[in-house]
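Naming: A, B, ... by sequence-line order, numbering from 1 per chain. Only this structure's heavy atoms are used, side chains among them; waters, hydrogens and symmetry mates stay out.
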There are 2 protein chains.
Amino acid sequence: MALVYSFSHRHRRPPRQLAGLLGGKGANLAEMTSVVKLPVPPGFTITTDACRKYMDSGWPGGLDEDVERHLGKLERQMGKHFGAVDDPLLLSVRSGAKFSMPGMMDTILNLGLNDRTVKSFANSTGDEAFAYRSYARLISMFGKVVLGVDDSAFDQPREQALRDESVEDDSDLSATAWKGLCKAHKAAIRSATRRSFPQDPTVQLHQSIEAVFKSWNGERAIAYREREHIAHDLGTAVNIQAMVFGNRDDESGTGVAFTRDAATGENAPYGDFLVNAQGEDVVAGVRKTEPLAAMGHHFPEIYDELLGYMDRLEAHYRDMLDLEFTIEEGQLWILQVRIGKRSGVAALRMAVEMTKDKAIRLDRKEAVSRITPDHIDQILHPTLASIDLEPLTSGLGASPGAAVGAAVFSANEAIRRSNAGESVILVRRETSPEDVHGMLAAEGVLTSRGGLVSHAAVVARGWGKPAVVGADQVVVEDHSFSVGDLTINEGEVISLDGSSGHVFKGAATLEEPEPTPELEIILSWADAIRRGRIGVRANADNGPDAARARRYGAEGIGLCRTEHMFLDPSRLPIMRRMILAETEAEEAEAFDELRRAQHEDFRQILEEMDGLPVTVRLLDPPLNEFLPDPVELEVLSATDGLSPEEDRLRRAVTEWDEANPMLGIRGVRLAVIKPGLYAMQVRALLDAVKDRVAAGGKPIVEVMIPLTISAAEMRLARSWVIAAAEEMNVTSTLLIGTMIETPRAALLADEMAHVSDFFSFGTNDLTQMTFGFSRDDVEAKLMPRYRALGLLSGDPFESIDTDGVGRLVTSAVKLARSAKRRMPIGVCGEHGGDPASIKFFSEAGFDYVSCSPYRIPVARLAAAHSIIGTTGDSR
Amino acid sequence: MALVYSFSHRHRRPPRQLAGLLGGKGANLAEMTSVVKLPVPPGFTITTDACRKYMDSGWPGGLDEDVERHLGKLERQMGKHFGAVDDPLLLSVRSGAKFSMPGMMDTILNLGLNDRTVKSFANSTGDEAFAYRSYARLISMFGKVVLGVDDSAFDQPREQALRDESVEDDSDLSATAWKGLCKAHKAAIRSATRRSFPQDPTVQLHQSIEAVFKSWNGERAIAYREREHIAHDLGTAVNIQAMVFGNRDDESGTGVAFTRDAATGENAPYGDFLVNAQGEDVVAGVRKTEPLAAMGHHFPEIYDELLGYMDRLEAHYRDMLDLEFTIEEGQLWILQVRIGKRSGVAALRMAVEMTKDKAIRLDRKEAVSRITPDHIDQILHPTLASIDLEPLTSGLGASPGAAVGAAVFSANEAIRRSNAGESVILVRRETSPEDVHGMLAAEGVLTSRGGLVSHAAVVARGWGKPAVVGADQVVVEDHSFSVGDLTINEGEVISLDGSSGHVFKGAATLEEPEPTPELEIILSWADAIRRGRIGVRANADNGPDAARARRYGAEGIGLCRTEHMFLDPSRLPIMRRMILAETEAEEAEAFDELRRAQHEDFRQILEEMDGLPVTVRLLDPPLNEFLPDPVELEVLSATDGLSPEEDRLRRAVTEWDEANPMLGIRGVRLAVIKPGLYAMQVRALLDAVKDRVAAGGKPIVEVMIPLTISAAEMRLARSWVIAAAEEMNVTSTLLIGTMIETPRAALLADEMAHVSDFFSFGTNDLTQMTFGFSRDDVEAKLMPRYRALGLLSGDPFESIDTDGVGRLVTSAVKLARSAKRRMPIGVCGEHGGDPASIKFFSEAGFDYVSCSPYRIPVARLAAAHSIIGTTGDSR
């Protein structure tokens with residue numbers, strides 16, 4: 001394999017497909033040069049192979065020779081010589097990895113200038129100020145980027161020069177000033193590094209290439225790759241290109257152009273333009289730019305030429321593009337092209353419009369594959385419009401959307417202020433079932449503990465409420481919180497972004513999404529692709545959620561958590577009476593009350609989901625979730641003493657207190673110990689079924705048994721359900737299935753399949769048990785460290801751990817289907833709403849995923865992507 | 001398949017191998033009759049097949065006909081008729097399952113007597129009192145066993161008759177008295193059941209057979225099978241045999257004989273004998289028996305005949321036997337034979353002696369396979385000699401051996417009284433690391449919570465200290481405990497049996513075991529069998545334990561838990577200083593102190609284990625195990641207030657408090673968060689290695705990383721160990737391996753193998769995570785219920801769950817060996833000392849098991865059994 005390719009090289013495949021080898025920038029430069037035949041300043045690309053070799057074993061053998069050969073070719077092409085005293089060839093060096101990556105070395109311009117060539121450059125251009133300014137720029141860029149000298153060492157003398165000559169803009173400085181600055185910059189390098197700025201252009205080039213290679217393993221680049229799940233061994237390419245100057249004279253200029261509007265998706269070119277400037281000036285925002293259309297006034301022919309190129313490029317790439325161009329003395333050059341980033345609204349509009357665009361002719365699959373989950377999130381949740389606020393801290397972005405409100409520190413205060421019309425954000429160390437009504441009243445939630453499947457995160461996502469969790473720098477007190485020296489008192493306004501995890505002091509402006517008709521079009525196309533392959537259900541526990549889920553396109557309920565019904569303040573006392581019952585009569589009475597309460601809940605849900613399946617999970621959490629905090633009771637007992645009723649409660653709390661509640665007596669285990677419990681729930685469910693049938697409805701219910709470990713356990717649980725159904729003369733088919741949550745159930749999936757009508761994987765618990773990770777304990781404290789050290793490739797609670805948990809899941813699916821060929825299999829953990837996980841489940845042969853109502857649109861999209869074989873391009 | 005076989009049936013295989021079909025008793029009766037040709041009263045056996053059919057679908061078709069046919073044969077052979085008015089044939093009916101089983105229906109004698117035949121029986125025997133006494137016995141036995149009438153209904157009139165005739169013994173009652181008793185017994189049956197005693201002998205027989213079938217599913221039988229892991233679908237056989245009477249006259253008699261002494265193993269016949277008596281009289285202990293040798297005086301020829309039969313039987317069965325025999329009017333009959341139960345001492349002596357016995361010629365494998373783990377336990381631990389104490393309660397027998405002492409309720413009190421010379425038993429709800437010194441001071445431990453791998457159980461087993469755990473009827477208060485209405489106050493003496501789990505009020509007599517030379521012989525034979533196949537190492541954390549382990553035959557240390565070293569009261573403060581450290585300097589200082597402390601511990605261990613491998617597990621438990629109870633601190637804070645130091649402690653406790661500590665920050669995770677920790681431990685270990693090398697020793701150390709989940713984590717941990725070794729110039733090979741404790745590590749065993757020099761399965765945690773069972777939470781509360789309902793076939797913490805956890809383990813072994821063919825694999829969980837689990841590990845290809853020093857002899861035996869393919873006969 002060659003280590004260097006000219007932009008004009010004729011590759012066997014279209015170069016744009018070779019981003020792995022040439023980097024994204026290099027691939028597109030080659031595409032434009034060799035295929036689209038646009039005017040691109042000539043140059044060549046050092047491949048990512050060369051970078052990988054450098055990382056493995058130092059400077060690659062043969063690379064110097066290859067570079068020299070391609071440089072020779074470039075010199076012949078340009079009729080100039082690199083390092084020549086007379087009219088020298090100048091070069092730019094740019095990094096270009098497969099994925100664009102902040103923190104990588106960016107650009108060095110004007111390579112080839114030195115104390116001697118700068119003079120001839122001044123002569124040949126006839127502009128001494130321009131020549132020395134170019135040289136000064138090379139020295140300072142090289143100093144910063146290659147030699148690591150601090151910015152300020154170059155900025156200070158430049159600012160001094162501006163003051164000395166009483167001008168405001170660099171371009172107004174005199175040649176004398178620039179000459180002085182060249183000297184000053186060289187001195188700054190010497191004093192900071194004890195080395196001289198290299199005069200030999202070949203050395204300049206060699207060191208610049210090496211600096212690009214090294215920047216691949218810079219701290220920021222590594223951190224970025226960690227966060228974005230980009231492999232560390234890809235390496236970067238290096239692009240070396242002849243310089244063109246947009247700042248040569250007033251017949252020169254530079255700009256950035258989008259082929260369509262990246263914010264709205266409107267099919268009209270759009271961009272920024274500057275006369276007599278270099279690209280950096282546009283990007284840096286030092287000078288005020290003109291809109292792209294202004295170029296039509298300055299350079300009408302060149303503008304038309306550019307529009308023609310843009311049309312050709314869009315037709316060629318079949319997508320919206322983002323270009324950089326430069327005009328040098330009336331000659332247009334295209335410097336870079338890439339697929340343009342776009343907002344969610346724009347992405348949807350473009351995708352739909354391009355299916356009707358004759359030059360592009362997108363088919364529906366392509367249109368769907370161009371929408372990312374992030375695009376959908378932007379459409380469905382408010383976002384932070386301005387974030388010129390003081391950043392406070394950041395945590396895990398646990399539930400997307402942005403929120404602004406007064407910080408409050410208890411559920412009661414949240415409810416009180418919210419009732420008074422104030423927007424609040426509930427701030428807690430962590431949340432518990434006792435906080436849920438406060439969470440409901442708040443605009444958003446911030447916790448200092450917990451992870452992506454902590455209570456706060458799961459509940460917030462279920463309600464589509466923005467949340468940042470595990471912000472571990474936050475110290476929460478009773479009526480304030482602090483981050484370092486900064487304290488936020490109750491009532492002070494904060495803003496948070498539940499997508500990025502950032503938290504700000506003060507009130508940010510929120511941008512409320514406007515639903516666009518294209519969303520429904522794209523999702524209907526996505527449904528057409530996935531239907532019959534993988535379904536999308538919702539996790540919903542009450543009528544309103546069920547209704548919302550159906551509106552968002554859910555094809556049933558995959559998880560109805562019956563415990564949420566008991567946490568309602570009006571029902572908690574009944575639940576406690578059941579737990580505290582000392583006689584069978586007391587217990588039976590509590591069961592009866594609970595049955596009546598659940599009956600109405602179920603009726604509402606079945607009504608909303610009429611004709612679609614509703615999977616009801618019988619009670620799952622340990623009973624102590626329904627009891628008060630033991631520490632508080634002990635403290636109260638030691639200080640104020642307890643009433644007999646409180647003391648009874650204390651004893652119950654002690655009895656049900658567990659060392660590791662997650663692995664304790666919950667799920668079906670609880671039902672084995674309290675044998676009437678599940679029968680009561682089934683009776684309440686069947687009461688509701690009867691109501692619905694009487695009302696002419698079509699209820700479809702599936703009963704789900706949680707936390708099973710053996711077929712014998714499942715057989716026993718089935719017998720309870722069947723007995724209750726027979727007792728109530730319910731003759732319709734009632735599916736009875738189990739969650740696969742324990743590794744044992746997964747290991748024995750064949751045996752479990754024989755006694756289950758369906759499986760639903762509870763991948764939250766399965767992940768916890770497979771890793772031995774208590775999500776509440778490890779996510780905030782351990783996970784960031786583990787990810788930073790590369791001990792885990794991702795957060796297994798965010799996207800399913802395909803290596804470990806995945807092995808268990810795929811083998812369980814295989815075992816289950818070997819026992820029962822058409823075994824229906826779904827997933828109802830938090831992973832059911834995560835695109836990468838949906839891809840895994842789809843490939844593993846799952847029949848459906850189930851997720852929070854608010855995630856349904858994303859899940860429908862991701863399910864379609866899994867069938868198409870894309871995860872949604874990152875645009 | 002026939003449902004009935006005559007004792008004389010010529011089976012294709014020796015009948016003694018057909019216990020599954022004929023039951024143990026029936027198989028041996030057939031063996032004696034058809035093979036050894038001894039005088040056995042003729043009869044036949046209804047097979048276990050018939051019983052299984054009965055349980056499935058009621059009385060088996062054809063069974064009546066088969067019984068009738070065999071009865072006819074029996075009548076012809078005996079020249080008497082069943083139910084004949086003249087000299088009737090009388091029968092006994094006995095149950096006989098494959099395994100002897102308390103709670104099954106035992107025996108009904110004299111079937112065939114009724115109001116008419118009793119008269120002719122009186123005539124033909126010429127002894128009216130004998131005839132009516134036999135009849136009365138039939139009626140009362142039938143009433144009790146078949147019809148379920150209470151004992152007392154028959155005992156009261158008999159006692160009245162004794163008083164009436166002023167005699168002391170049944171055999172002295174007159175014929176008139178017996179006639180009256182027959183009437184009284186019949187009336188008692190009528191009044192209790194509203195049914196008459198059946199006069200028809202065929203009905204008597206039918207009902208007796210059915211009663212045997214039914215007794216298979218009696219409550220006590222089911223409970224026994226649960227406890228002994230006997231399948232519930234085996235069924236029982238029924239033996240029907242012609243009666244012989246040892247109580248006919250003074251030329252008659254009965255006895256029980258052992259071919260060797262069951263208590264000592266001495267090769268001399270031994271037993272009990274009674275003239276003019278039936279077998280029941282010997283067993284019931286109503287009359288004082290004579291020693292077997294006395295029979296030589298009463299019936300010298302018959303005695304010689306019996307000794308001859310005993311020799312023939314021993315040579316035939318090649319084992320010690322337990323016989324029942326009867327002499328009827330000078331004729332010797334053998335009624336039953338079985339392999340004799342024996343004490344541990346006797347088992348060992350017999351096994352060794354029988355290898356030299358020319359008639360038996362046991363080989364060494366057979367000798368080893370005749371010793372059970374229980375035999376070894378009896379040799380090594382004190383047992384309860386007399387248990388005529390009031391039973392208090394029972395729990396899980398968690399650590400074998402018996403103990404007697406005053407109940408104490410705190411570690412301090414245990415130490416105080418023990419220092420004063422008093423024997424104590426520590427009673428706690430559950431134990432924690434803070435109790436360990438109290439446990440060490442106590443004779444035994446009793447807890448009301450926790451299971452077989454709870455803290456109390458594991459620590460007690462580690463010290464060979466008797467323990468009963470999870471006795472959930474026990475309510476523990478500050479200075480007393482109660483069971484129901486009964487209260488035991490501090491200082492009152494209790495006794496406990498850590499093998500059976502029973503607890504008694506008062507002081508039992510203890511039998512201290514005497515080590516016999518045969519133990520070492522048998523274990524050396526066991527070693528010869530297993531060596532090269534599977535090794536036995538010890539879990540030992542200090543010098544004395546290491547020395548003990550080596551004495552017991554350990555071939556190294558498989559698990560040295562370094563945390564135990566830090567729980568010593570003198571070291572806990574240093575550990576706390578490390579946790580509380582606020583600066584790096586403070587932390588480093590604490591690390592230094594800990595290093596010095598560990599250095600000496602390691603030196604002692606390496607000295608004791610010189611030349612054998614020592615596997616050191618780096619720190620595993622969550623840090624909060626080294627901190628005080630958070631509830632106590634909160635209560636103290638709310639009542640008396642805290643000193644600044646205590647408040648600092650409270651904050652640390654809060655910081656390290658976890659929702660599910662078992663799945664929290666422990667093991668290698670802790671080391672990732674406290675990066676100096678493992679390096680410190682390795683340095684301490686290598687300090688000790690250097691000392692030993694300097695002293696001319698041969699230390700062999702293996703460093704073990706706990707709770708890993710990924711290869712990346714293991715690579716990082718390896719790098720710490722290697723860096724410490726290089727820094728200390730330790731050049732010798734240092735093996736670095738990992739525990740396989742998380743399901744994920746097992747699932748990715750191939751990847752883990754690439755970065756590990758060895759694996760040691762931590763099956764405690766692996767079981768907890770695979771089941772989702774927190775041992776502390778589920779064992780006492782859930783496990784008994786689950787076992788009773790058949791939801792689990794056994795306690796997975798006692799014997800490894802071969803179905804679920806086993807699947808994971810075997811697949812992990814396969815994956816590991818696919819990556820590294822000779823990967824050394826061991827196990828160091830509590831299962832390492834459990835015979836059934838050792839069999840599993842051996843078959844799965846493990847290189848060694850590691851267990852508590854006190855379990856080493858049992859493990860050596862069980863390892864040999866696993867190679868031979870036996871689990872030790874139950875003798």
> For the residue pair A/Ala749 and A/Leu815, what are the closest heavy atoms and their distance?
Replying inline: CB-CB, 4.0 Å

>> Keeping A/Thr654 on the side-chain end and A/Arg650 on the backbone end, is there a donor-acceptor pair under 3.5 Å?
In response: yes

>> Only pairs of heavy atoms separated by less than 4.5 Å count here; which of B/Leu707, B/Leu792, B/Asp803 has the most with chain A?
In response: B/Asp803

> Which distance, rounded to the nearest 0.5 Å, do you find between the CD of B/Glu658 and the CG of B/Leu623?
Replying inline: 8.5 Å

>> Please check: side-chain N/O of A/Gln768 versus main-chain N/O of A/Arg775, any donor-acceptor pairing under 3.5 Å?
In response: yes

>> Let's test your reading of the structure: which of A/Asp765, A/Val805, A/Ile665 forms the most heavy-atom pairs below 4.5 Å with chain B?
In response: A/Ile665

> Got a second to check how far A/Leu663's CG is from B/Met662's CE, nearest 0.5 Å?
Replying inline: 4.0 Å

>> Between A/Arg449 and chain B, with a heavy-atom cut-off of 4.5 Å, which part of the residue counts as in contact: side chain, backbone, both or neither?
In response: side chain

> Which one of A/Glu655, A/Met714, A/Arg715 has the most heavy-atom pairs closer than 4.5 Å to chain B?
Replying inline: A/Glu655

> In Å and rounded to the nearest 0.5 Å, what is the OG to CD distance from B/Ser756 to B/Glu751?
Replying inline: 11.0 Å

> Where does A/Ser710 contact chain B at under 4.5 Å (heavy atoms): side chain, backbone, both or neither?
Replying inline: side chain

>> Please classify the contact between A/Pro796 and chain B as side chain, backbone, both or neither, with a heavy-atom cut-off of under 4.5 Å.
In response: neither

> Short question: side chain of B/Thr810, backbone of B/Gly806 - any donor-acceptor pair under 3.5 Å?
Replying inline: yes

> Does any heavy atom of chain B fall under 4.5 Å from the side chain of A/Leu789, the backbone, both, or neither of them?
Replying inline: side chain

>> Tell me which of these, B/Leu791, B/Val635, B/Thr639, B/Thr770, has more heavy-atom pairs under 4.5 Å with chain A than the rest.
In response: B/Thr770

> Which pair of heavy atoms, one from B/Thr763 and one from B/Gly829, lies closest together, and at what distance?
Replying inline: OG1-CA, 4.0 Å

> With under 30° as parallel and over 60° as perpendicular, where do the rings of B/Tyr786 and B/Phe773 fit, or are they tilted in between?
Replying inline: perpendicular

> Heavy-atom distance under 4.5 Å to chain A: side chain of B/Pro622, backbone, both or neither?
Replying inline: neither

> If you round to the nearest 0.5 Å, how far is CE of A/Met752 from OG1 of A/Thr708?
Replying inline: 3.5 Å

>> For chain A, which candidate among B/Leu808, B/Asp801, B/Asp777 shows the most heavy-atom pairs at distances under 4.5 Å?
In response: B/Asp777

>> Quick check on the interface: out of B/Gly790, B/Pro661, B/Ala711, who has the most heavy-atom pairs with chain A under 4.5 Å?
In response: B/Pro661

> Quick one: of A/Val778, A/Leu748, A/Thr742, who has the most non-hydrogen atom pairs under 4.5 Å with chain B?
Replying inline: A/Leu748

> Checking B/Asp657 against chain A: side chain, backbone, both or neither under 4.5 Å from a heavy atom?
Replying inline: backbone

>> Below 4.5 Å, heavy-atom pairs only: which of A/Ser811, A/Gly772, A/Ala712, A/Ala746 has the largest tally toward chain B?
In response: A/Gly772

> Which distance, rounded to the nearest 0.5 Å, do you find between the CZ of A/Phe481 and the OG1 of A/Thr447?
Replying inline: 11.5 Å

> Stepwise, does the salt bridge (charged side-chain N to carboxylate O under 4.0 Å, His left out) test hold for A/Asp750 with B/Arg807?
Replying inline: CA-CA 13 Å; A/Asp750 42 357; B/Arg807 251 192 217 193; 3.3 Å; yes

>> Please output the residues of residues 666-673 of chain A in contact with chain B, using a heavy-atom cutoff of under 4.5 Å, in numerical order.
In response: A/Val668, A/Arg669, A/Val672, A/Ile673

> Which class fits the ring pair A/Tyr678 and A/Trp720: parallel under 30°, tilted 30 to 60°, perpendicular over 60°?
Replying inline: perpendicular

>> Is A/Leu766 in contact with chain B via its backbone, its side chain, both, or neither, using a 4.5 Å heavy-atom distance?
In response: neither

